[in-house]
Structures are given as C-alpha cells and as structure tokens.
*Asks:* 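Mind having a look at this structure? Questions to follow.
Quick note: numbers below take in every heavy atom, side chains included, and nothing from hydrogens, waters or symmetry partners. Each ligand, and each atom within it, is numbered from 1 in the order the structure gives. In what follows, residues are counted from 1 in the order of the sequence shown. Quick caveat: nothing in here was measured; it's all calculated off a predicted structure.
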Amino acid sequence: MTTFKPGTKASWSGEKHQLAFGATQVPVVNSVSFGYDDMDEWYEIATGQREGHIYGRNTNPTNQAFEDKLKDLENAEAATAFASGMAAISNTLYTFLRPGDRVVTIKDTYGGTNKIFTEFLPNMGVDITFCETANHEEMEAEIAKGCDLVYLESPTNPTLKIIDIERMAKAGHEVDALVVVDGTFASPINQNPLELGADIVLHSATKYLGGHSDAMGGVVAGSKELVDQIYHYREINGATINPHAAYLLLRGMKTLELRIRQQNENAMKVAQYLKTSEWVTDVFYPGLEDHVGHEIAKKQMKDFGGMLSFNVRGGVETMNQLLPKLKLAKRAASLGCVQTIIGPPRVTSHVECTPEERAAMGIPEGLIRYSAGIEDPDDLIADLEQAFESLPKEILTAEVN
Ligand SMILES: *Cc1c(COP(=O)(O)O)cnc(C)c1O
C-alpha cells in the first residue's frame with residue numbers, strides 16, 4: 001500500500017477485501033471477545049505467533065483497520081490507537097519516561113500536554129525544560145545538555161509557530177533522545193514527521209483525521225519496536241479506543257485528502273483576505289510569506305494547513321461583537337471539522353491558563369483562532385466581510401491597540 005499516493009491510501013488503506021458476509025466496508029465489531037474451537041490456533045493467536053484477536057482491550061478488527069490506515073498515511077511500520085489524543089500523548093510519555101529522566105519541549109504545546117508536563121510528570125521525578133517555541137538555538141543548547149525525550153508540536157496552537165522538525169530530530173538523536181512530534185495541526189496529508197527524522201508521530205484523531213467533530217480518538221505511529229512498547233502500556237492501562245469511534249474515524253479518513261486540500265485552500269484565501277482587512281491587526285498563517293516560520297514550513301510541509309489565527313482592532317470587545325455575527329462558523333472548541341470553527345483561545349485551548357499566563361505565552365486575550373472548513377472560500381470571505389461591516393465604524397478610527 002505504501003507506494004500509492006496519500007489520497008489513494010486515505011480511501012483504501014486498512015480496508016480488508018474479504019469481510020464477513022461479503023461486506024465491502026469495515027463493520028463495527030462490538031464483540032468484546034473472540035472465540036476459537038481450535039486450541040492450537042487460540043494459543044498461537046494469544047501468544048502473538050499468529051494474527052488475530054483475543055480481547056477488546058487489546059485489539060479489535062475495526063480499531064485495527066483505523067490503525068492500518070493511519071500507519072500507511074504516515075509511512076510507518078506500526079500504529080496503535082487510543083480513546084483520545086490526550087490518551088495517545090500521555091501513554092507515549094508514560095511508556096518511555098522514568099524518574100530522573102529529562103524532557104526538552106516548547107512552551108506552546110497543546111494545553112492538556114502542557115498540564116502533563118507541569119502537573120503530573122514532575123511528581124514522578126521527571127525534569128521538564130520549556131524552550132521558547134521557535135527558538136531553535138535555545139532548544140539545541142538545552143538538548144545538547146543531555147535529555148531522554150524531545151517533545152515537539154508543529155504548527156503550534158494557537159499562533160501557528162513552526163518548528164524545524166528535521167533540525168530538532170538531529171539534535172535529539174545526537175544525545176540519544178527519543179523525538180516525539182504531535183502532528184495534529186498538519187495531519188498526515190500536509191506533514192510526515194517520521195520522514196523528517198522523528199521517532200514517533202502522534203495525532204488527536206478527533207480533529208482532522210475524523211474531520212466531522214463526532215468521534216474522539218488518538219493514534220501513535222512509528223517503528224514497530226517503539227509502537228509495540230506503547231501498545232503494551234496501553235493494553236494494560238486500558239486507554240483503548242471504542243470500535244464505534246474507530247469506525248467513524250475510519251469513515252472520515254476516507255475523505256481526508258479531499259478535505260485537507262479544500263481546507264488548505266480556504267485557510268490560505270481567508271488569511272490573505274484578513275491580511276488586507278482594515279479591521280485586522282495581525283494574521284498568523286504559515287502560508288503567508290511574512291510569517292516567521294514560512295521558509296521552514298515550505299521545506300517540511302506539503303501545504304500550510306487549515307488553521308490560522310488573527311487579532312482585530314479593539315481586541316476583546318471587537319471580538320465579542322464580531323464572532324456572533326458569523327453565519328458560517330461554529331463558535332466552539334476543537335478544530336479540523338468540515339465546518340469552519342472559530343473561537344478565542346481564552347475559552348478554548350487555553351481556558352485553564354490565567355490572562356497573565358496567556359500573555360506570557362504570547363496569546364492576546366482578543367486572539368481569534370480560525371479552523372477553516374470545506375465550504376466555498378468565497379462564502380467564508382463574504383461571511384467575514386458582512387460581520388466586519390456590521391461593527392461600529394468608530395473602532396477603525398480609535399487608537400490601534
Ligand atoms: C486536541 C488536541 C490534542 C488532544 O486531543 P483530544 O482528542 O482532545 O484528547 C492534542 N494535541 C493537539 C495539537 C490538539 O489540537
């Protein structure tokens with residue numbers, strides 16, 4: 001399957017040809033256990049000498065199809081699925097980290113990941129060093145001091161900073177550290193961290209992979225040796241994905257490449273429009289030539305993704321008037337849906353932080369995060385335009401803040 005292009009893999013990978021009753025689509029297998037009349041066969045499957053399923057916490061045919069599809073899209077040897085993106089992240093970290101270990105990471109990781117680094121791992125005696133997110137020299141210096149795991153995310157949430165994955169993977173490997181990348185924002189269509197030298201790529205499948213905001217899941221991909229260890233930790237602690245969720249994610253992934261293509265185009269067009277708008281003071285989108293990470297993004301991504309963020313004149317007050325006027329945007333958390341989603345980080349991704357903490361992370365209170373859907377881009381731009389036009393004109397003449 002690995003020789004096919006991503007769009008072909010998205011629709012075909014993991015889909016078995018022969019299913020019960022001649023079904024052409026992978027069914028939701030609800031059965032918790034899998035029975036055998038042949039005692040030798042049962043033994044061989046139970047001991048991993050032969051492929052098959054024993055118990056639902058370990059493996060399940062629907063879950064496996066979802067894992068196989070992602071594995072192919074990331075050109076990985078193996079993949080294993082989880083109940084959520086955070087389960088994928090925490091299981092990966094807890095599989096490999098031991099008391100006395102050191103992690104080098106960035107300040108802008110996903111909120112939940114940041115909580116694991118600030119609240120939970122330090123209790124286990126793991127030392128975490130947070131670097132300025134796009135300061136590659138600082139990261140290299142910290143990594144060179146010696147560490148066990150380098151944890152990256154690119155593009156980052158919500159200001160779309162870009163980390164040079166190849167460069168950081170090289171630095172990590174010089175000190176024999178494991179290099180883990182959260183690729184959620186890019187999806188496997190826009191970026192393949194394993195090809196850039198990372199050891200493990202993980203995704204919140206809840207976002208782009210599923211694409212319809214109706215199923216939660218997470219997935220980890222990498223070498224068989226590493227993924228087997230993560231799988232073993234997961235089969236014991238039980239953060240297994242539900243087969244119904246795996247089915248919905250598998251179904252969503254069949255159109256992944258088509259959706260991402262449209263979302264890339266929409267985000268670029270919306271970013272370009274916002275750039276010209278007198279209502280907008282800053283636009284953060286790696287596809288814009290003046291974005292600080294544009295050159296790195298061009299090098300390591302196939303396209304720039306469906307996520308962007310922006311600031312408006314008048315900050316929070318303007319934002320509070322603007323957002324309810326939009327007809328083509330769900331005001332909600334999450335991202336990567338076929339419908340456009342809009343929201344301020346202060347009530348979504350960074351709701352756990354204080355305003356001071358957000359300021360320290362470079363997240364203005366009035367920042368607006370925009371997850372482009374698959375709508376017609378002209379409609380999205382017209383919708384933003386009508387929402388801006390409805391605002392009091394005095395905002396434009398007031399002092400820029
Ligand atoms: C949403 C998200 C997660 C967490 O995923 P869940 O499925 O919500 O647990 C992790 N990383 C990034 C970048 C995310 O956007």
*Asks:* Compare all side-chain heavy atoms of E257 with those of K9 and state whether any distance is below 4.5 angstrom.
*Replies:* no
*Asks:* Check whether NZ of the Lys or CZ of the Arg K269 lies under 6.0 Å from the centre of the six-membered ring of Y370 and within 45 degrees of that ring's axis.
*Replies:* no
*Asks:* Can you list everything that forms a salt bridge (Lys or Arg N to Asp or Glu O under 4.0 Å) with E137? Sequence neighbours excluded, please.
*Replies:* R167
*Asks:* Report yes if the side chains of E41 and Y36 come closer than 4.5 Å at any heavy-atom pair, otherwise no.
*Replies:* yes
*Asks:* Testing V104, D199, L93 one by one against L149 for a side chain to side chain contact (heavy atoms under 4.5 Å, CB included), which residue passes?
*Replies:* L93
*Asks:* For a quick check under 3.5 Å, do E119 and N123 share a side-chain donor-acceptor pair by atom type?
*Replies:* no
*Asks:* Are there any protein N or O atoms under 3.5 Å from the N or O atoms of ligand 1? List them with distances, or say none.
*Replies:*
| unit_1 | atom_1 | unit_2 | atom_2 | d |
| --- | --- | --- | --- | --- |
| ligand 1 | 5 (O) | S204 | OG | 2.9 |
| ligand 1 | 7 (O) | G85 | N | 2.9 |
| ligand 1 | 7 (O) | S204 | OG | 2.8 |
| ligand 1 | 7 (O) | T206 | OG1 | 2.7 |
| ligand 1 | 9 (O) | G85 | N | 3.1 |
| ligand 1 | 9 (O) | M86 | N | 2.8 |
| ligand 1 | 11 (N) | D182 | OD2 | 2.7 |
| ligand 1 | 15 (O) | K207 | NZ | 2.8 |

